[in-house]
K.L.:
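One structure is given below, represented as structure tokens, and several questions about it will come after.
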There are 2 protein chains.
Amino acid sequence: MSHDPFHHHLPIAAPLAGHRGDAAPSGAVLPEPLADGELGSDEVLQVGDLAKRSGKTVRAIHLYEELGLLRPNARSKGRFRLFGGDALVRVRWIGKLQDLGLSLGDIQAVVREWEQSSSAPGAMSKMREVYRQKLASTREQIRRLTALEAELADSLAYLETCDVCDPARLVSACTCCDRHEPQAPPELVSGFRAS
Amino acid sequence: MSHDPFHHHLPIAAPLAGHRGDAAPSGAVLPEPLADGELGSDEVLQVGDLAKRSGKTVRAIHLYEELGLLRPNARSKGRFRLFGGDALVRVRWIGKLQDLGLSLGDIQAVVREWEQSSSAPGAMSKMREVYRQKLASTREQIRRLTALEAELADSLAYLETCDVCDPARLVSACTCCDRHEPQAPPELVSGFRAS
DNA sequence: GTCGTCTCTCACCCATACGTAAGGGTTGTC
DNA sequence: GACAACCCTTACGTATGGGTGAGAGACGAC
């Protein structure tokens, strides 16, 4: 969907879970216990609240709005943005799509497509198409990472042998020395040597 | 190693395999059949050759050299860069590290560390440390993608129900309509609705 | 009213990994 | 020697996903 969604640089890991210790006071007799981050559908959030609950920054949320991915339900008298609980759902959804490898531009396209289509099954089938493609590429991605995982493990095993090496040995003699005789070094190891 | 190696945008898939149909002429009696992309260790490559064989662009290779990740073995009279087969190994190695989520800056650090250390086992143990960390984060990454994969599959299953829907039905009535009654929509689906 | 904490809207800044164009030599093949 | 195809260096451009103020107003508790 982007011009070049693939090519190098995989992400590494995401925080995804801000640690907040504030659970609902036990035994509260309030209308809804509001498990963790959930909120009553009538709750009103300012951008800062939305940011905290979604783990994004205020700036990010503004950006999403600029891109048309999100709209406040209303504004206060003083022009403060006022969001409902659905905005939180939306922001989390955006985050998930980003995790899937969609750029904000991609998400923009998805949203526009959704908003412009009037026939429900038509829209749904387009969305399915997007998700189907993403499912395929996600699986491909998993395959690639799994291959890299194996290579890493191999390389680590290979490098273990070096522990027994003479500490005075020079690096120049390394990477494919006599200690690990028969096997050729894995690519992740032989890359060191080349200039 | 980068300031912020995680955070969103996973990659999608990499080509990794340029399709080139030129296998070695069968039955050749040459010193080495040169399986696919391999070459005799004495072969000389210009940047364009190196680029083609590694799947990178000439510009990328120049960049790697600027960053100190790569050095030509020599120059021709006319200042053309001349690489050996090890350069190909090196470029592929760079690509793999990028796939693992290392930035070029990270790789720079790795290379410098390698080149500066004199004690072989010391250098090796540092490299092992890098690889160990990457192995961990790669596994984490795989876990996350696998979770997303499951979510995608769920969402697709949920959306299948929409096929039987009345084509005239409005999108506004959608995302959580009566056809798929009991289950709440997955987050990847409920995100459509929120404004 | 007044303080502290949000929030508002510009508007420019950052890093990454190259792309791309300019202007000009080099190689090697016919 | 002429030509295509390749290479050289320099240098600015590009897309992404926000970060980071600045200057000014809003909210709410006391």
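Excluded from the calculations below are hydrogen atoms, water molecules and symmetry mates; all remaining heavy atoms, backbone and side chain alike, are included. Proteins get letters first, then strands, A, B, ... in listed order; numbering begins at 1 in each.
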K.L.:
Provide, to the nearest angstrom, the distance between the CZ atom belonging to A/Arg53 and the P atom belonging to C/dC6.
P.N.:
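Atom CZ in A/Arg53 sits about 15 Å away from atom P in C/dC6.
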
K.L.:
Run the side-chain contact (heavy atoms from CB on, under 4.5 Å) test against A/Arg139 and tell me which residues pass, sequence neighbours left out.
P.N.:
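Here the qualifying residues are A/Leu135, B/Glu149.
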
K.L.:
State, with a plain yes or no, whether a side-chain heavy atom of A/Asp106 is found less than 4.5 Å away from one of A/Val130.
P.N.:
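No, side chains not in contact.
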
K.L.:
B/Glu113: what forms a side-chain hydrogen bond (donor to acceptor under 3.5 Å, both in side chains) with it, not counting sequence neighbours?
P.N.:
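Applying side-chain hydrogen bond (donor to acceptor under 3.5 Å, both in side chains) to B/Glu113 gives B/Lys126.
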
K.L.:
Got a sec, which residues hit side-chain hydrogen bond (donor to acceptor under 3.5 Å, both in side chains) with A/Glu151, two or more places apart in sequence or on another chain?
P.N.:
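Partners of A/Glu151 under the side-chain hydrogen bond (donor to acceptor under 3.5 Å, both in side chains) test: B/Lys96.
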
K.L.:
Listed by chain and number, what are the salt bridge (Lys or Arg N to Asp or Glu O under 4.0 Å) partners of A/Glu187, not counting sequence neighbours?
P.N.:
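Salt bridge (Lys or Arg N to Asp or Glu O under 4.0 Å) check on A/Glu187 returns nothing, list empty.
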
K.L.:
Would you call the rings of A/Trp93 and B/Phe192 parallel, tilted or perpendicular, where under 30° means parallel and over 60° means perpendicular?
P.N.:
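Plane angle over 60°, so perpendicular.
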
K.L.:
What integer distance in Å separates B/Leu50:CG from D/dC6:P?
P.N.:
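About 15 Å, once rounded to whole Å.
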
K.L.:
Let me know the distance between CG of B/Leu63 and P of D/dT10, rounded to the nearest Å.
P.N.:
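For the pair B/Leu63 CG and D/dT10 P, the rounded distance is 15 Å.
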
K.L.:
Quick check: on DNA chain D, is the nucleotide nearest B/Glu66 upstream (toward 5') of the one nearest B/Gly48, or the reverse? Name the residue that is more 5'.
P.N.:
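By nearest-heavy-atom nucleotide position, the 5'-most residue is B/Gly48.
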
K.L.:
Rounding to a whole Å, what distance do you find between B/Leu82:CG and D/dC6:P?
P.N.:
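From B/Leu82 CG to D/dC6 P: 16 Å.
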
K.L.:
Grab the CG-P distance between B/Leu67 and C/dC18 for me, whole Å please.
P.N.:
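About 10 Å, once rounded to whole Å.
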
K.L.:
Which residues pass the side-chain contact (heavy atoms from CB on, under 4.5 Å) test with A/Arg112, sequence neighbours left out?
P.N.:
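Testing A/Arg112 for side-chain contact (heavy atoms from CB on, under 4.5 Å), a comparison that skips the adjacent residues, returns A/Gln108, A/Gln116.
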
K.L.:
Output all residues satisfying side-chain contact (heavy atoms from CB on, under 4.5 Å) with A/Ser125, sequence neighbours left out; order by chain, then residue number.
P.N.:
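For A/Ser125, the residues satisfying side-chain contact (heavy atoms from CB on, under 4.5 Å) (neighbours in sequence not counted) are A/Arg128.
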
K.L.:
Compute the angle between the rotation axes at the two ends of the helix from C/dG1-D/dC30 to C/dC30-D/dG1, each taken over five pairs, rounded to 10 degrees.
P.N.:
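End-to-end axis angle: 10°.
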
K.L.:
OP1 or OP2 of D/dG19 less than 4.0 angstrom from a side-chain nitrogen or oxygen of A/Thr57, does that happen here?
P.N.:
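True: A/Thr57 side-chain N/O within range (under 4.0 Å) of D/dG19 OP1/OP2.
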
K.L.:
Describe the nucleic acid contact of B/Leu104 in one word from base, sugar-phosphate, nothing, applying a heavy-atom distance below 4.0 Å.
P.N.:
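Sugar-phosphate: the residue B/Leu104, judged by heavy atoms under 4.0 Å, touches backbone atoms but no base.
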
K.L.:
Take the protein atom CG of B/Leu97 and the nucleotide atom P of C/dT16, then report the distance between them rounded to whole Å.
P.N.:
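Atom-to-atom, B/Leu97 to C/dT16, this comes out as 16 Å.
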
K.L.:
With 3.5 Å as the limit, what N/O pairs link the protein to nucleotides 27-30 of chain C?
P.N.:
from	atom 1	to	atom 2	distance (Å)
C/dT27	OP1	B/Ser76	OG	3.2
C/dT27	OP1	B/Gly78	N	2.6

K.L.:
Applying salt bridge (Lys or Arg N to Asp or Glu O under 4.0 Å), name anything that partners A/Arg59, two or more places apart in sequence or on another chain.
P.N.:
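By the salt bridge (Lys or Arg N to Asp or Glu O under 4.0 Å) rule, A/Arg59 matches A/Glu66.
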
K.L.:
Out of C/dC18, C/dC8, C/dT16, which has the shortest distance to the side chain of A/Arg81?
P.N.:
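For the A/Arg81 side chain, the nearest candidate turns out to be C/dC8.
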
K.L.:
Polar atoms only, N or O, under 3.5 Å: list the protein pairs with nucleotides 20-23 of chain D and their distances.
P.N.:
none

K.L.:
Closest-nucleotide mapping onto DNA chain C: is A/His62 or B/Tyr64 further toward the 5' terminus? I mean the 5' end.
P.N.:
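Result: A/His62.
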
K.L.:
Output yes when at least one side-chain N/O atom of A/Gln98 is less than 4.0 Å from OP1 or OP2 of D/dG18, else no.
P.N.:
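True: A/Gln98 side-chain N/O within range (under 4.0 Å) of D/dG18 OP1/OP2.
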
K.L.:
Can you find a pair of side-chain heavy atoms, one from B/Phe83 and one from B/Leu70, that are under 4.5 Å apart?
P.N.:
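A side-chain contact under 4.5 Å exists here.
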
K.L.:
Identify, with sequence neighbours excluded, every residue that meets side-chain hydrogen bond (donor to acceptor under 3.5 Å, both in side chains) alongside A/Arg143.
P.N.:
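Result, side-chain hydrogen bond (donor to acceptor under 3.5 Å, both in side chains) vs A/Arg143: A/Glu140.
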
K.L.:
Checking A/Arg132 now: which residues fulfil salt bridge (Lys or Arg N to Asp or Glu O under 4.0 Å) with it, not counting sequence neighbours?
P.N.:
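A/Arg132: salt bridge (Lys or Arg N to Asp or Glu O under 4.0 Å) contacts with A/Glu129, B/Glu160.
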
K.L.:
CD1 of A/Ile94 versus C1' of D/dT16: gap in Å, rounded?
P.N.:
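That distance rounds to 15 Å.
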
K.L.:
Starting at CD1 of A/Ile61 and ending at P of D/dG17, how long is that distance when rounded to a whole Å?
P.N.:
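In whole Å, D/dG17 P lies 16 Å from A/Ile61 CD1.
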
